[in-house]
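These notes are about the structure you will find just below.
Chain A is the first sequence line, chain B the second, and so forth, proteins listed ahead of strands; every chain is numbered from 1. Atom set for the values below is all heavy atoms of this structure, side chains included, hydrogens, waters and symmetry mates excluded.
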2 protein chains.
Amino acid sequence: MPSPTMKDVAREAGVSTATVSYVLNRKSIVSDETRVRVLEAVERLGYIRNATAQNLRHQRTRLIGFAWSEKARDKPNAILDNFAYHLTRSASEIGCRVLTFTHPDENPIPHYEDLVRTQRVDAFVISGTEPEDPRIHFLMDEGFPFVAFGRSTPGWAFNWVDTDGDAGMAAGVEHLVSLGHERIAMVGWPETSLSGSYRVAGYRRGLDRAGLPFKPDYLVRTLHSEETGREAFARLCALPPKRRPTAVICVSDLVAVGVMHEARERGMRLGDDLSVIGFDDEPMSQYLNPALTTLAQPLDEIASMVITILDDLIAGSTVLHQRLIAPRLIVRESTGQRR
Amino acid sequence: MPSPTMKDVAREAGVSTATVSYVLNRKSIVSDETRVRVLEAVERLGYIRNATAQNLRHQRTRLIGFAWSEKARDKPNAILDNFAYHLTRSASEIGCRVLTFTHPDENPIPHYEDLVRTQRVDAFVISGTEPEDPRIHFLMDEGFPFVAFGRSTPGWAFNWVDTDGDAGMAAGVEHLVSLGHERIAMVGWPETSLSGSYRVAGYRRGLDRAGLPFKPDYLVRTLHSEETGREAFARLCALPPKRRPTAVICVSDLVAVGVMHEARERGMRLGDDLSVIGFDDEPMSQYLNPALTTLAQPLDEIASMVITILDDLIAGSTVLHQRLIAPRLIVRESTGQRR
DNA sequence: TTGTAGGCGTTATCAT
DNA sequence: ATGATAACGCCTACAA
């Protein structure tokens with residue numbers, strides 16, 4: 001049998017649909033007696049409002065669009081997945097749900113455009129942002145509400161929340177310095193990576209703060225993979241023995257794993273001959289051998305902040321929110337006193 | 001400015017909204033001349049149909065509900081997250097999107113009930129099923145379409161797709177046997193776990209097929225964690241030296257990691273003194289040291305199958321689909337010739 | 001305080 | 001072949 005509608009409730013309670021609506025929307029103009037009659041009818045019939053009809057009437061869906069890029073699903077991807085979870089969780093706190101969709105890495109716009117045009121979502125949350133990100137471009141152009149997890153071209157006036165890679169790396173360096181390390185190298189991403197560049201900046205700032213000079217050959221830039229991490233560390237090992245780093249801070253856990261593998265193969269004892277720090281706290285990083293010291297992105301906080309801003313935005317606010325949230329340093333076994 | 005509606009298009013083309021609708025829905029009753037006029041108007045105004053209105057009219061949303069349980073987010077959870085991704089991807093192939101939501105582990109029903117009652121989704125995909133699963137109970141009761149990733153109480157007549165844990169473990173054992181192992185132990189989950197019991201069955205079937213006897217003290221049951229994996233292996237090491245297993249097949253990668261850690265601490269060389277197999281292929285498992293041999297759940301296939309069944313279901317089919325899909329054995333370095 | 005009625009944007013039935 | 005019109009279920013001016 002089909003679900004009861006407001007009409008059914010109205011008939012059951014002997015009132016008009018308007019009255020039912022008033023009761024349901026807590027309009028205080030209804031007499032107590034009628035209200036009770038209506039609520040009883042609602043109860044008896046097990047009536048619940050149809051969301052689609054409400055959506056049509058209100059011209060909003062209480063749905064937030066969130067995309068999974070189809071790229072790099074072969075690599076550990078816990079950050080994005082975990083963020084999707086926390087986003088969904090936070091969204092429920094403002095009475096919204098998340099509509100997920102996927103799109104190829106090249107040419108995502110049509111997928112966003114369709115959702116905008118068909119008015120299927122009220123807003124978007126985007127992640128994996130890049131400089132000149134076409135999605136940001138498109139959404140700003142459309143004046144469509146969105147918040148980004150991640151920054152883009154500096155100066156673009158859109159709402160974002162991001163992990164403070166700079167602060168994170170600086171904290172990592174500080175940790176290493178406190179363990180007595182002075183020859184601290186970094187394995188970073190290519191210069192084209194925005195988040196990578198913030199992390200490099202943090203590395204340099206960390207050195208600076210400790211009064212250590214920045215040495216260009218201590219900074220190796222490479223792609224995001226285990227293999228490239230190995231290679232990067234091999235390059236660092238090619239330095240004269242006296243100049244070889246005693247600690248390496250990495251732009252990601254995956255790269256850190258590569259560094260650790262290479263180090264072990266060269267007979268070094270991790271956390272002892274060599275300290276290693278990662279970034280991301282991949283779920284398995286705590287179970288590596290040795291357990292990896294790393295900088296965890298506070299995805300719950302980020303998601304919650306994103307939703308707060310979105311709520312504001314949907315309500316019509318026009319203030320710009322741009323927020324950095326510092327990662328947490330999780331000290332495990334891969335870092336230790338300099339020997 | 002608000003989006004154009006059918007009315008706007010009708011005015012622009014000088015026809016009625018009905019005609020516009022006919023054209024858009026490819027009804028062949030419209031004359032070529034009018035069709036062209038309408039399509040031009042659509043083009044000029046950049047008109048796209050409003051999804052909510054369509055939903056209301058059709059009494060369907062083309063949305064599939066999928067829940068993330070809030071439990072165990074601290075443990076590696078790649079299976080569920082990855083499945084969510086593949087589900088979203090597959091759904092798009094039948095023109096559906098996925099609406100995600102979260103719910104506490106205890107008492108999930110109200111969350112499902114709300115979505116059913118408000119008619120916000122056309123169907124559900126559920127995962128993390130258990131025997132007597134209340135969600136299955138509820139949805140069957142309601143006659144609401146759903147497909148489960150995972151089995152439940154044997155005999156319950158609902159649609160599901162599941163990883164064939166039995167076949168997977170049997171294949172794992174076969175691999176170990178082919179390497180010359182005869183003293184093969186298993187670390188499994190408690191008897192209450194349904195998927196755990198299929199995996200144990202596969203372990204026993206694998207032994208059987210190889211003509212090896214099942215020894216009760218080679219089967220250790222424990223919870224899903226690294227620590228309990230360690231303890232389980234410690235228990236196996238308490239056996240008399242001559243009876244100690246040379247290979248351990250585990251119910252999950254996480255447990256396998258525990259086993260490997262314990263083994264290493266006892267001075268064993270993995271893949272040499274001891275072979276270890278996991279289950280799940282967590283993203284980082286390939287980067288463990290040694291890289292873990294494991295059984296990968298074919299989540300893309302499972303998701304695709306789930307969606308195919310769902311499509312059938314939404315179309316009104318009443319056939320029961322229950323499908324097992326075998327995991328893939330991925331041989332890495334943690335298994336080797338018996339010494 | 002309650003009811004009537006129009007409209008949100010689309011589709012489908014029935015006329016013409 | 002095309003157009004009026006009545007739903008789909010809800011909300012809200014406005015009238016009573």
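At the phosphate of dT2(D), OP1 or OP2 sits under 4.0 Å from a side-chain N or O atom of Thr34(B).
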Taking distance alone, no hydrogens or angles, what donor-acceptor pairs closer than 3.5 Å link side-chain atoms of residues 137-144 of chain A to residues at least two apart or in another chain?
| residue | atom | partner | partner atom | Å |
| --- | --- | --- | --- | --- |
| Glu142(A) | OE1 | Arg117(A) | NH2 | 3.1 |
| Glu142(A) | OE2 | Arg117(A) | NH2 | 2.6 |

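Partners of Asn55(A) according to the side chain to side chain donor-acceptor pair (under 3.5 Å) rule, which considers only residues two or more places apart in sequence or in another chain, do not exist here. Applying the ring pair (Phe, Tyr, Trp, His ring centres under 6.0 Å) criterion to Tyr112(B), with sequence neighbours excluded, gives Phe101(B), His103(B), Phe124(B). Applying the side-chain contact (heavy atoms from CB on, under 4.5 Å) test to Glu70(B) and every residue at least two apart in sequence or in another chain returns Tyr85(A), Arg89(A), Thr102(B), Pro104(B). With sequence neighbours left out, the side-chain contact (heavy atoms from CB on, under 4.5 Å) criterion links Ser90(A) to Ala303(A), Ser304(A), Ile307(A). Contacts of Ser195(B) classified as side-chain contact (heavy atoms from CB on, under 4.5 Å), with partners at least two apart in sequence or in another chain: Trp189(B), Ser193(B), Arg199(B). With sequence neighbours left out, the salt bridge (Lys or Arg N to Asp or Glu O under 4.0 Å) criterion links Asp312(A) to no other residue.
We find that CG of Leu24(B) is positioned 7 Å from P of dT11(C), with the value rounded to whole Å. Atom pair Gln54(B):CD and dA7(D):C1' shows a separation of 16 Å (rounding to whole Å applied). Atom NZ in Lys7(B) sits about 13 Å away from atom C1' in dT5(D), given to the nearest Å.
Here the side chain of Ser152(A) pairs a donor or acceptor atom with the backbone of Glu130(A) at under 3.5 angstrom.
In this structure, of dC8(D), dC10(D), dT11(C), it is dC10(D) that holds the atom nearest to the side chain of Met6(A). With distances taken from any side-chain atom of Leu56(A) to the nucleotides dC10(D), dG9(D), dT4(C), the minimum falls on dG9(D). Taking the side chain of Arg49(B) as heavy atoms from C-beta on, and the options dA1(D), dT11(C), dC10(D), the nearest nucleotide is dT11(C).
Note on the helix from dT1(C)-dA16(D) to dT16(C)-dA1(D): terminal axis deviation equals 50°, with five pairs used at each end and the result rounded to 10°.
The residue among Ser3(B) and Asp32(A) whose nearest nucleotide of DNA chain C lies closer to the 5′ end is Asp32(A). In terms of position on DNA chain D, the residue among Ile29(B) and Gln59(B) whose nearest nucleotide sits closer to the 5' end is Ile29(B).
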Taking only nitrogen or oxygen atoms into account, show me every contact under 3.5 Å that the protein makes with nucleotides 12-16 of chain D, one pair per line with its distance.
| residue | atom | partner | partner atom | Å |
| --- | --- | --- | --- | --- |
| dA13(D) | N6 | Tyr22(A) | OH | 2.9 |

